[in-house]
Amino acid sequence: MTRVSKTLIFTAAFAVIATSAFSEATWDFKAGMAYVYGGPGKMSAMAMAPAEKNHEAMMKNAKKVPDNTVFFMSNGSLYSTSGRLDPTGNFYVN
């Protein structure tokens, strides 16, 4: 996975964690936007260049995030795993 695709995936997760600590709010990803995780406490969102060549370059090494992927912070690093959280925050492997 390229740095760009990892960054886009993990930034979105970090945004939710950093804002309303595990609220049940839906993530609002918008087409044409890039969400960048730059490390603990460093995230940003910006409009992507609309050119087809730009999109193709990003998609070349992009990986689809599987359903039931859980993102979480541990010791200042962002991680992901497969599973689910119940309404109380307990983790279960599917």
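Basis for what follows: all heavy atoms, side chains included, without hydrogens, waters or symmetry-related copies. The first residue of the sequence shown is numbered 1, and numbering continues consecutively from there. Treat the numbers as computed from the prediction; the structure is a model and nothing was measured.
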Closest heavy-atom pair and its distance - Pro40, Gly76 | CG-O, 2.5 Å
Residues at least two apart in sequence or cross-chain that pass side-chain contact (heavy atoms from CB on, under 4.5 Å) with Glu56, listed by chain then number, are Glu52
In chain order, what residues pass the salt bridge (charged side-chain N to carboxylate O under 4.0 Å, His left out) check against Lys53, with sequence neighbours excluded?
-> none
Identify whether Leu85 and Val93 are in the same connected component of the hydrophobic contact network (ILVMFWY, side-chain heavy atoms under 4.5 Å).
-> yes
Give a yes or no on whether a salt bridge exists between Asp28 and Lys30, defined as a side-chain N under 4.0 angstrom from a carboxylate O.
-> yes
Contacts of Asn75 meeting side-chain contact (heavy atoms from CB on, under 4.5 Å) (sequence neighbours excluded), chain-then-number -> none
Kindly write out the residues that satisfy side chain to side chain donor-acceptor pair (under 3.5 Å) with Ser74, not counting sequence neighbours, or none if the list is empty.
-> none
With Thr69 via side-chain contact (heavy atoms from CB on, under 4.5 Å) - residues at least two apart = Val65, Pro66, Phe71, Ser80
Nearest heavy-atom pair of Tyr35 and Ala45: which atoms, and what distance?
-> CD2-CB, 3.7 Å
